[in-house]
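By convention in this document, chain letters (A, B, ...) are assigned in the order of the sequence lines, proteins followed by strands, and residues within each chain are numbered from 1.
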Amino acid sequence: MQNSILDSLNPAQRAGVEATHGPVLVIAGAGSGKTRMLTARIAHLMADKGVPGQHILAVTFTNKAAAEMRERVTRALGLDPEALTPPPFFASSAAMFSQPTIGTFHAVCARILRREIERTPFTKQFVIYDDSDQLSLVKDCFSRLGLSDKAFSPKSFQWAINSAKCSALEPHEMPAEGYDYFAKNLAKIYALYQQELFKANAVDFGEMITLTYRMLRDNADLLAKYRKLFQFIHVDEYQDTNRAQYLLVKLLAAGHRNICVVGDEDQSIYKWRGADIRNILDFEKDYPEARVVKLEQNYRSTKNIIGASSKLISNNTERKAKTLWTGNEAGSLIRRFQVSDERAEAELVVGKLKQACESEGFSFNDVAVFYRTNAQSRVFEDILRRERAPYKIVGGLRFYDRKEIKDVMAYFRVLVNPEDSVSFARVINVPQRGIGKTTVDKIDEVAVARGLTFEAAMYQAAQGQGGALSAAPRKKISEFLALIADLRGLLATKTLSEFYHELLDRTRYVQELKVENTEESAARIENLQELSSTITEFESGAGAEERPALETLPVFLENVALVGERAEEDQGVAGSVSLMTLHMSKGLEFPLVFMVGMEEGLFPSVRGDDGGSDEDIEEERRLCYVGMTRAMKQLYMSHAVCRRLYGNILYNEPARFFGEIPGEFIEFKDLARFNRGGVSGYARDEGDDDGAECSYSHAPVGPASALGAGSSQIGRPGGSQIGRRVRHSVYGEGVIRGVEGGSSDAAKVTVEFSGRMTKKFILKFANLEYLS
DNA sequence: TAGCTTGTATTTTTT
DNA sequence: ATACAAGCTA
C-alpha cells in the first residue's frame, strides 16, 4: 500500500512527499512533476500516515489547478470520483470541512467567511464584487470626492486600492504624505471605498483574503480552531503569493509549522498583480528549520528546449541556483524566423502548423501560439479561419463577463442582497424603462444625504420625499420597485431554474433583445439560454432541484463569483489550435509551440520612460522562460521587421533574448530580406521552401543594431527611420537623426532642420509628413 | 432621456 | 485600428 503511492516518484519527489512534518520548500522546475509530488504527498499523509483528510489544506491559485489536484488525490487514494468535491455551502456546517480542503485562496477564504461572517462587519447575505463591480464603486467614490481631475482615472485608483489590499494595507496605513496629488487622495478614496463596500454588504476579491486574515488575527478562538483544523498546509505556486496571502498562510501555520510550499521563482510572472517573489526566496528565513527539496528533472521537453531555456533564465539575478535537466531526446533545434510584418508572421505560423498536422503526425490539439498581448491574436485568427484550421482563443472574454449575463447576475444579487448599490445601479434601467442618469443621481443624493441604502432611497424618492423628483420618474421607480418585490416573492416558491425564466419574462429582458433583432442580440439570447442550462446543471450538481431559489440562489452566486466558467470541452475530433497570451500558457504544455512577436518593445514589453528597469526585464525573461518550457517537442520563435499595432507602424529590433540563447540550440532564418530603407519590397515568402530562405550563423539580435537604441516608432506609411526626410508643419523639411523610446506613447524623434537646428518631438504629437 | 459625436487610452489576469 | 466612455444636442 505504502509503495503504490511512492513507487512512481523520483528520489527528489519522494523526499518532498516523505517530509510530512515541519516546513518544506519544494523548488519545482518547469515540467518537473510538482503536481504529481503534491498529490502524492496528500495521498501519503492520508493513506500511509493516517492523517484524517479534514486536517489537510491545499491552496492553489486557479480553480483548474484545484480541480486537477482533487482529481489526482482521489485517484491516488482509489476513492469515489466525487469524494473530494467540496459540498455546497448550504450543506451543514460540519460537512463543510469534512474532507481535505483543496481550493483556491479565494474559495477557501469564502468558506471560512461564510461560516464566521458574524465576526466581521458584514452579514451573511454578503455578495462578492468582481472587477467591474469594484470599478463602479470606485467611480462612485471618485465623483463623491469631487475628483473629476483628468490627471488620474478611477481605474488607476482601483488599481492602487487593489495593490494596497495585496499588501494587506488598510486605508489608515496608507502613506498620506502631501506632495503627490495621487497619494494624497488615495488614502481618502480607499477609506471611502471601504466604507461603501461595507454599506453594500459586498466583499471584493482582495478583501476576501485580508478580511479572513484580520478576522483570524483578531479572534484568538477562531485562529485556534482553524489551526487545529488545518494541520497540514500546502501552497501551490508559492512564487505567486502576495503579501496578504503570505501573512494568512503564515498565521495559520504558526503553531504546528507543517507547511509545504511549492513553487519556482523562475516562473513568477505576476509581480504586476501583487505577487511577491521574496515570499519564496525568503522562505528559509521565515522557517530556518525548513527542508529544501529541488525537483530538477524535467519530464516534458527535449534537451534543446531545456538547454536553451536554462541558458536564458540564467541571465536573471533574482533566483536560486537550479539546474534543470532531462532524460528526453535532444530533439530538433529551436527555429527562429524573421518575417517582414505581422501578416507574414501569421502566414508563416499557420503554414508551418498545417504542415506539421498534415505530414508530421501532430494534431491541431498539439499546437499552441503564444503572444504577449491580446491585440496580436487577430491576424492569427484571420489566417487560421482562411486556411480552415480549427482554433480556439484561450482566456478571451469569459462567459460571466458578458453584458447580458452580468445583467442577470446583477438582478440576482439585488434580490439576495438589498444593500447592493452597484447592482441596483446596473439594472435600474435595463432593459430601458425611462429611468435615466439624472434620476439615478438624485436617488444617490438622497441615499448619501440620509445615509440610506440605494433601495431605501428609491422608496423615499418614489414617495416624493427629499428630492425634486417629478411625478413621471416617481411612477417609473415605483414600478421598478414593485417588480423587484414581486421577484423576491417568487424566490420562496420557485426553483432557481423556474425563477430564472420568470425573471427574464417579467423584466422583459429577452423580449427587448428580440425587438433589436440583430446578430448581436441573437447571440445574447443564446447566451441567456446557455445560462439556463448552466443553472439546471448547477441545481442537479448541488442536489438542489427541489429546493427553493431562496436557498439555491446565494450558493449559485457564490459559485459564479469564485468558480466562474466551467471549462469548455474541446470541440471536434481533431481538436483545435490554441491561441493565448504567454501569461495564460503557464501550467500548460503543448508538443508544438509558436512564440510570436518577439521584438523589443513588444516582448520584452518596455513601458515607462525608464526604458524598462532590470526588474521588469527579469520578469519578461521569466515570461519567455515560461513560454519556452511549455513546448514538448518543437519550438518556433518569430519576430517581424515591421508591425502594425494600435494604428501605427513599429519597426522593432529582435528581442534581446535571442542573444541569450546559444547557437547550439537554435537556428535562424530570415524571411524578410531586411531592407534598410523601410521601403516595400520584402520577399513574399510562403514559407516552406528552404532554398529561398537566408540563414545566418550570426543572427542579428537585440537592441544593438543599425537603428540605435531600442526600437523606432512610425506614424505614417514608410515610417520614420534614421536618415528619413520629413516635413514638420512649423519647422519645415528636415532629416531624422535619432529615434528613442520603445513604447509607442513615449517614442521621441530627433529631427535636424536646415541650419543644423535640431528639435526633439514626441512622435505621437509631431505630425510629421514623410518625404520620399 | 437617449442617441450621436467626439475624445482617449491600449501589457499581462485570477479570483 | 478600435473600442469604450464621457460630453453634447434633438
A:Tyr270 atom OH is separated from B:dT13 atom P, nearest whole Å, by 7 Å
Without decimals, in angstroms, what is the distance between A:Lys476 NZ and B:dA2 C1'?
12 Å
Base, sugar-phosphate, or nothing for A:Asp240, non-hydrogen atoms under 4.0 angstrom?
nothing
A:Leu135 CG to B:dT15 P, straight-line distance once rounded to whole Å
20 Å
Examine B:dT15: is either OP1 or OP2 under 4.0 Å from a nitrogen or oxygen in the side chain of A:Asn63? Give yes or no.
yes
State which of B:dT12, B:dG3, B:dT15 makes the closest approach to the side chain of A:Gln432.
B:dG3
Is the A:Trp272-A:Tyr270 ring centre distance short of 6.0 angstrom?
yes
In whole Å, I'd like the distance from the CZ atom of A:Arg433 to the C1' atom of B:dA2.
16 Å
Who pairs with A:Ala375 by side-chain contact (heavy atoms from CB on, under 4.5 Å), at least two apart in sequence or on another chain?
A:Thr373, A:Leu645, A:Tyr646
Select base, sugar-phosphate, or nothing to describe what A:Met584 touches, counting heavy atoms under 4.0 Å on all strands.
sugar-phosphate
Pick out which of A:Tyr371, A:Phe657, A:Phe370 makes a ring pair (Phe, Tyr, Trp, His ring centres under 6.0 Å) with A:Phe603.
A:Phe657
Once side-chain hydrogen bond (donor to acceptor under 3.5 Å, both in side chains) is applied, do any residues pair with A:Glu516, and if so which ones, sequence neighbours excluded?
none
Specify the separation, in whole Å, of atom CD1 of A:Ile617 and atom C1' of B:dT11.
13 Å
Spacing of A:Lys586 atom NZ relative to B:dT13 atom C1', expressed in whole Å
11 Å
Any side-chain N or O of A:Tyr646 below 4.0 angstrom from OP1/OP2 of C:dA3?
no
What nucleotide among B:dT14, B:dT12, B:dT10 has an atom nearest to a side-chain atom of A:Arg398?
B:dT14
If you draw a 6.0 Å radius around CZ in A:Arg378, do more than 12 non-hydrogen atoms from other residues or ligands fall strictly inside?
no
Quick one: does NZ or CZ of A:Arg413 land under 6.0 Å from the six-membered ring centre of A:Phe424, within 45 degrees of the ring axis?
no
Classify A:Asp204 by what it touches in the nucleic acid, base, sugar-phosphate, or nothing, heavy-atom distance under 4.0 Å.
nothing
May I have the distance from A:Asp140 (atom CG) to C:dA5 (atom P), rounded to whole angstrom?
15 Å
Given B:dT10, is OP1 or OP2 found less than 4.0 Å from the side-chain N or O atoms of A:Thr373?
no
If you find the nucleotide of DNA chain B closest to A:Ile435 and the one closest to A:Asp130, which residue's nucleotide is nearer the 5' end?
A:Ile435
Tell me which nucleotide among B:dT11, C:dT2, B:dT1 gets nearest to the side chain of A:Arg372.
B:dT11
Is A:Phe205 stacked on the base of B:dT14, meaning ring centres closer than 5.5 Å and planes within 30 degrees of each other?
no
Donor-acceptor pair under 3.5 Å, A:Ser605 side chain vs B:dT11 base
yes
Between B:dT15 and A:Asn162, is there an OP1 or OP2 to side-chain N/O distance shorter than 4.0 Å?
no
Side-chain N or O of A:Asn429 versus OP1/OP2 of B:dT1: is the shortest distance under 4.0 Å?
no
Starting at atom CG of A:Asp401, determine the distance to atom C1' of B:dT15, rounded to an integer number of angstrom.
11 Å
